[in-house]
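Let me begin by presenting the structure, written as structure tokens, before commenting on it.
Side chains included, hydrogens not; waters and symmetry mates left out as well; all remaining heavy atoms used.
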Amino acid sequence: MTTAQLQQNRPAAHVRQMTSKVPEVTALFWIIKVLTTGMGETFSDYLAHVMDPMIAVAAGGVGLVLCLAVQLSVRRYVAWIYWTTVVMVSVFGTMAADVLHVGLGVPYLISSPFFLVALAAVFGAWYATERTLSIHSIRTRRRELFYWATVLATFALGTAVGDLTATTFGLGYLASGVMFTVLIALPALGHARFRLGAIPAFWCAYVLTRPLGASFADWMAVSHQRGGLNLGLGPTTAGWSLAILVLVGYLAATRRDTAAR
């Protein structure tokens, strides 16, 4: 789904007047989004291994609050601020799902529907209040808060669903990654061929980026005995982080994700 498709129902004058704090939806948007999901998955697990898990969760929460505060304080989209916030949402969203499963013993068969209901509740409150779920309508503080609440819920849901398919259902990380690669193409196909609206197609794909990236990152990091490449959590996190830095730096320098504004 491209930005042009997402914008197709909006009057031209309204588009010119809007100042958005989210990037244009391009191919690089989806690539970086998937990278942040994988990096958030392995970095969260890495922190839980090198420090007390409760301290790791607290540190992740503080980092998320600080990044959100900076993101909310700026008056326009800034690539490195926005994507740093997405990374921290990814890390903390992973921790939220893991706390339920590892810390409280809640099965993924229960936590996955729970996070789905939480996401539906956020969408419901957002639409009831603003009458739109479009990311291109985010030009007020309230809509921006709804947006980030939605992003956090999608990360928690995607984490639980990815672990559900890989571990509870026994598919393994690689097979799960391949499955979600196929599934993420369905919203685009539905939008192109079956008149699925641009907004639901976008959010369906957005949710699926989480288990997609996390499954491949876990596959790279975990041991051979668990069906992985055994690269380790630290090296995998570093490699995915470097890819994010390069691509976000490119966007910051070229402003290709703001060109249509």
Side-chain angles (χ1 to χ4, degrees), residues 27-53 55-57 59-61 63-64 67 79-80 82-103 108 151-152 154-184 206-251:
L28 276 181
F29 172 90
W30 292 112
I31 292 171
I32 298 174
K33 176 60 172 62
V34 170
L35 288 171
T36 63
T37 68
M39 181 270 187
E41 174 76 13
T42 55
F43 186 49
S44 173
D45 291 343
Y46 177 77
L47 289 178
H49 279 77
V50 300
M51 64 176 65
D52 183 274
I55 296 177
V57 172
L64 174 59
C67 287
W80 72 268
Y82 174 87
W83 286 111
T84 300
T85 306
V86 172
V87 166
M88 288 310 305
V89 172
S90 175
V91 172
F92 191 75
T94 300
M95 291 175 172
D98 288 344
V99 163
L100 278 183
H101 180 71
V102 179
Y108 291 123
V151 172
L152 179 59
T154 65
F155 272 103
L157 172 61
T159 299
V161 170
D163 287 333
L164 174 70
T165 60
T167 59
T168 303
F169 292 164
L171 293 181
Y173 295 112
L174 178 58
S176 289
V178 172
M179 180 186 70
F180 288 116
T181 300
V182 174
L183 289 177
I184 203 170
Y206 198 93
V207 170
L208 288 169
T209 59
R210 175 60 190 180
L212 169 62
S215 295
F216 281 117
D218 277 332
W219 170 65
M220 295 174 65
V222 302
S223 65
H224 297 308
Q225 291 76 12
R226 297 175 62 190
L229 297 180
N230 198 32
L231 298 181
L233 293 171
T236 302
T237 299
W240 286 58
S241 297
L242 179 60
I244 294 169
L245 287 172
V246 170
L247 293 178
V248 173
Y250 170 78
L251 291 178

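- Counting all heavy atoms, side chain and backbone alike, Ser44 lies closest to Met95 at OG-CG, 3.2 Å.
- The distance from the CZ atom of Phe216 to the OG atom of Ser176 is 9.5 Å, given to the nearest 0.5 Å.
- Contact detail for Ala48 and Pro53: the closest heavy-atom pair is O-CG, 4.1 Å.
- Results of the side-chain contact (heavy atoms from CB on, under 4.5 Å) test with Leu35 over Val248, Thr209, Val246, Leu247 single out Leu247 as the only residue that passes.
- Thr94 is not listed as a side-chain neighbour of Phe43, based on a closest heavy-atom distance of 4.5 Å or more.
- With rounding to the nearest 0.5 angstrom, the NE2 atom of His101 is 10.0 Å from the CG atom of Leu164.
- In this structure, CG on Leu212 lies 10.0 Å from CE on Met179, to the nearest 0.5 angstrom.
- Leu171 and Ala175 make their closest contact through O-CB, 3.2 Å (heavy atoms, listed as atom of the first residue, atom of the second, distance).
- A pairwise comparison of heavy atoms in Leu233 and Ala221 identifies CD2-CB, 3.9 Å as the closest pair.
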> Should Leu251 and Ile32 be marked as a side-chain contact (heavy atoms from CB on, under 4.5 Å) after you check the CA-CA gap, both sets of side-chain angles, and the distance that decides it?
Replying inline: CA-CA 11 Å; Leu251 291 178; Ile32 298 174; 3.4 Å; yes
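- For the residue pair Met39 and Val87, the shortest heavy atom distance occurs at SD-CG1, 3.6 Å.
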> Can Leu64 and Val89 be said to form a side-chain contact (heavy atoms from CB on, under 4.5 Å), step by step?
Replying inline: CA-CA 6 Å; Leu64 174 59; Val89 172; 3.4 Å; yes
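- Here the CD atom belonging to Glu41 is positioned 4.0 Å from the CG atom belonging to Asp218, to the nearest 0.5 angstrom.
- Checked options Val86, Ile31, Thr36; the residue passing with Ile244 is Thr36 (criterion: side-chain contact (heavy atoms from CB on, under 4.5 Å)).
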>> Let's go through Arg210 and Thr159 carefully: what are the C-alpha distance in whole Å and the side-chain angles of both, what is the deciding distance for side chain to side chain donor-acceptor pair (under 3.5 Å) to 0.1 Å, and is it a yes or a no?
In response: CA-CA 6 Å; Arg210 175 60 190 180; Thr159 299; 2.7 Å; yes
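- Between Trp83 and Phe29, the gap from one ring centroid to the other is short of 6.0 Å.
- In summary, the side chains of Ser90 and Thr37 do not present any donor paired with an acceptor at a separation below 3.5 Å, with no hydrogens or angles considered.
- Both tests hold for Lys33 against Phe155: distance to the six-membered ring centre under 6.0 Å, angle to the ring axis within 45°.
- Across Thr181 and Ile184, no two heavy atoms sit closer than the pair O-CG2, 3.3 Å.
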>> Assess the residue pair Thr237 and Thr42 against the criterion (side chain to side chain donor-acceptor pair (under 3.5 Å)); give the C-alpha distance rounded to whole Å, side-chain angles, the decisive distance to 0.1 Å, and a yes or no.
In response: CA-CA 6 Å; Thr237 299; Thr42 55; 2.8 Å; yes
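- Taking OH from Tyr108 and CG from Leu100, the interatomic distance works out to 9.5 Å, rounded to the nearest 0.5 Å.
- Side-chain contact between Tyr173 and Thr167: present, with at least one pair of heavy atoms (C-beta onward) separated by less than 4.5 Å.
- Once rounded to the nearest 0.5 Å, the distance linking CG of Leu231 with CE of Met220 reads 5.5 Å.
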